[in-house]
There are 2 protein chains.
Amino acid sequence: MKTEKISELTINRLSIYLRCLNELSEAGVQTVSSKLLAEQFNLNSAQIRKDLAYFGEFGVRGVGYVVEDLREQLRGILGLATTHRVAIVGAGNLGLALANYLGFQQDSFQIVALFDVDPARIGLEVRPGLVVRSLDLLPSVIPERQVDMVMLTVPAVAAESVLEMVVQAGVRAVLNFAPIHLSVRPGCKVKTVDLSISLESLSYFLANPTVEPQEE
Amino acid sequence: MKTEKISELTINRLSIYLRCLNELSEAGVQTVSSKLLAEQFNLNSAQIRKDLAYFGEFGVRGVGYVVEDLREQLRGILGLATTHRVAIVGAGNLGLALANYLGFQQDSFQIVALFDVDPARIGLEVRPGLVVRSLDLLPSVIPERQVDMVMLTVPAVAAESVLEMVVQAGVRAVLNFAPIHLSVRPGCKVKTVDLSISLESLSYFLANPTVEPQEE
DNA sequence: AATTGTGAATTCCTTCACAGCC
DNA sequence: GGCTGTGAAGGAATTCACAATT
């Protein structure tokens, strides 16, 4: 285990490797080589070995990696061994879609609270046990329900002030869907999913057909 | 205008600059310096100047950039002067949320078709003029409605085969929400928005609190 | 005086290539 | 023989620093 700082790019790839290991495990595969993993997502095998080597020596020379072992290691490294308790702020189309998205419920992320400012939405029971509550209740509900992560699906103009509330309530990880650059706050990690940027990047590609399409 | 290949990172930043210029324009600001722009999203001012310099000399030394001019230039470069016609494949929670998301409708992206395989969803009128249609109709509807972009909101297992259909129908730009690595197809650009990766990266941060939070 | 545009320097990330091990 | 782990090389992106321009 090195003490070097580990880049976000490496962490993102660990998620990708883990997903693949889950499939291999499902399929009953015992071991896998970095070469085989690399071919799945056209990456370089040395990159995979380097990524993993930041965290330990998980492989067996001449053999590869034991699927079950590496899978458990990655789940541990990524903090997925424990379930995260997630709140969604903003019960519009996107917020509700995320609340109902099955991909999260089953796994390591559980939606445990849902907030909005619109009185028309407050009280709506999205599914059994998950009711839209007033944003005013956020400061008390977040510690009460032990929320450790928030998804922000509020309009861009509201995002900065809601982030402030959320950080004050002790949350240290936020996934922001508002198309805006949020100011950096010590101790709180914010990741932004910006659909406009993605769409505009596709638009650029369409407008400039000389450029060959490439991996993002 | 250089002939160098321009990185995806540069293109993404152009979108960010454009959004800021739209706000400045709205506020009636005449000119802006790279330094001021940089401070908005803690970037380096040289980076902004370099990004812009790939496409031309838009600035005035000693003055900065004329907001309206640069705004129009960026809209042109990003292919936003013309409206894109977008189809959504997969009318589940996420697909419907995107179909109703106002952020797109007003701007350069117009949702003009919506597909699903589930008979229970086919025929649903999401809003006036936008009805969920059978996936079987995709090959004919896409050219008919002049769709040039697709958002894929189908389950991961279906994504690869739907992508094949979409590419066959002549679409060259796809925004994929399925948590899977899609194979690269010549002439078609695919961008993936992978929420699991984002969430797991936040989870890593929570599990490793020694690391300082940083810009994504 | 202020700010752009850009070569040079730096930092960061990826790939190569091979010693070491099973 | 096959595959990992890693130092060294190579490549890409960012930042510095300054000449050029208004």
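In this text, all values refer to a predicted model and were calculated from it rather than measured experimentally. In the text below, chain A, chain B and the rest are named by the order of the sequence lines, each starting its count at 1.
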Taking only N/O atoms, report every protein-nucleotides 14-19 of chain D pair under 3.5 Å with atom names and distance.
unit_1: dT14(D); atom_1: OP1; unit_2: Arg13(B); atom_2: NH1; d: 3.0
unit_1: dT14(D); atom_1: OP2; unit_2: Arg13(B); atom_2: NH1; d: 3.3
unit_1: dT14(D); atom_1: OP2; unit_2: Arg13(B); atom_2: NH2; d: 2.9
unit_1: dT14(D); atom_1: OP2; unit_2: Gln47(B); atom_2: NE2; d: 2.9
unit_1: dT14(D); atom_1: O5'; unit_2: Gln47(B); atom_2: NE2; d: 3.0
unit_1: dT15(D); atom_1: O4; unit_2: Lys50(B); atom_2: NZ; d: 2.9
unit_1: dC16(D); atom_1: OP2; unit_2: Asn44(B); atom_2: ND2; d: 3.0
unit_1: dA17(D); atom_1: N6; unit_2: Arg49(B); atom_2: NH2; d: 3.2

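We find that CZ of Phe55(A) is positioned 15 Å from C1' of dG5(D), with the value rounded to whole Å. For Tyr65(A) and dT4(D), the OH to P distance is 5 Å, given to the nearest whole Å. Between the CZ atom of Phe58(B) and the C1' atom of dT6(C) there is a distance of 16 Å, given to the nearest Å. If you take CG of Leu52(B) and C1' of dT6(C), they are 13 Å apart, rounded to a whole angstrom. Per the geometry, CG belonging to Asn12(B) stands 14 Å off C1' belonging to dA13(D), to the nearest Å.
Judged as a salt bridge (Lys or Arg N to Asp or Glu O under 4.0 Å), the pairs with a partner in residues 157-167 of chain A (not counting sequence neighbours) are, in order, Glu160(A)-Arg185(A), Glu164(A)-Arg185(A). Listed by first then second residue, pairs satisfying salt bridge (Lys or Arg N to Asp or Glu O under 4.0 Å) with a partner in residues 61-70 of chain A read Glu68(A)-Arg71(A), not counting sequence neighbours.
In this structure, Val174(B) and Cys188(B) approach most closely via the heavy-atom pair CG2-SG, 4.0 Å.
With sequence neighbours left out, Glu57(A) forms a salt bridge (charged side-chain N to carboxylate O under 4.0 Å, His left out) with no residue at all. Not counting sequence neighbours, Glu23(B) has no partner by the salt bridge (charged side-chain N to carboxylate O under 4.0 Å, His left out) test. Here Asp194(A) pairs with Arg19(B) under the salt bridge (charged side-chain N to carboxylate O under 4.0 Å, His left out) rule; sequence neighbours left out. In this structure, Tyr65(A) has no side chain to side chain donor-acceptor pair (under 3.5 Å) partners at least two apart in sequence or on a different chain. For Arg13(A), the salt bridge (charged side-chain N to carboxylate O under 4.0 Å, His left out) test picks out Asp51(A), with sequence neighbours left out.
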Donor-acceptor list for residues 143-150 of chain A side chains, cut-off 3.5 Å, not counting sequence neighbours:
unit_1: Arg145(A); atom_1: NH1; unit_2: Val112(A); atom_2: O; d: 3.1
unit_1: Asp148(A); atom_1: OD1; unit_2: Arg85(A); atom_2: N; d: 3.0
unit_1: Asp148(A); atom_1: OD2; unit_2: His84(A); atom_2: ND1; d: 2.8

Can you give me every donor-acceptor pair (side chain of residues 28-36 of chain A, partner residue at least two apart or in another chain, under 3.5 Å) with its distance?
unit_1: Ser33(A); atom_1: OG; unit_2: Leu36(A); atom_2: N; d: 3.1
unit_1: Ser34(A); atom_1: OG; unit_2: Arg49(A); atom_2: NH1; d: 3.0
unit_1: Lys35(A); atom_1: NZ; unit_2: Glu39(A); atom_2: OE2; d: 3.4

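Of the residues in residues 14-38 of chain B, those placing a heavy atom less than 4.0 Å from an atom of DNA chain C are Ser33(B), Ser34(B), in numerical order.
With axes fitted over five pairs at each extremity, the angle between the ends of the helix from dA1(C)-dT22(D) to dC22(C)-dG1(D) is 0° (10° resolution).
The distance from atom CG of Leu130(A) to atom CD1 of Ile88(A), rounded to the nearest 0.5 Å, is 7.5 Å.
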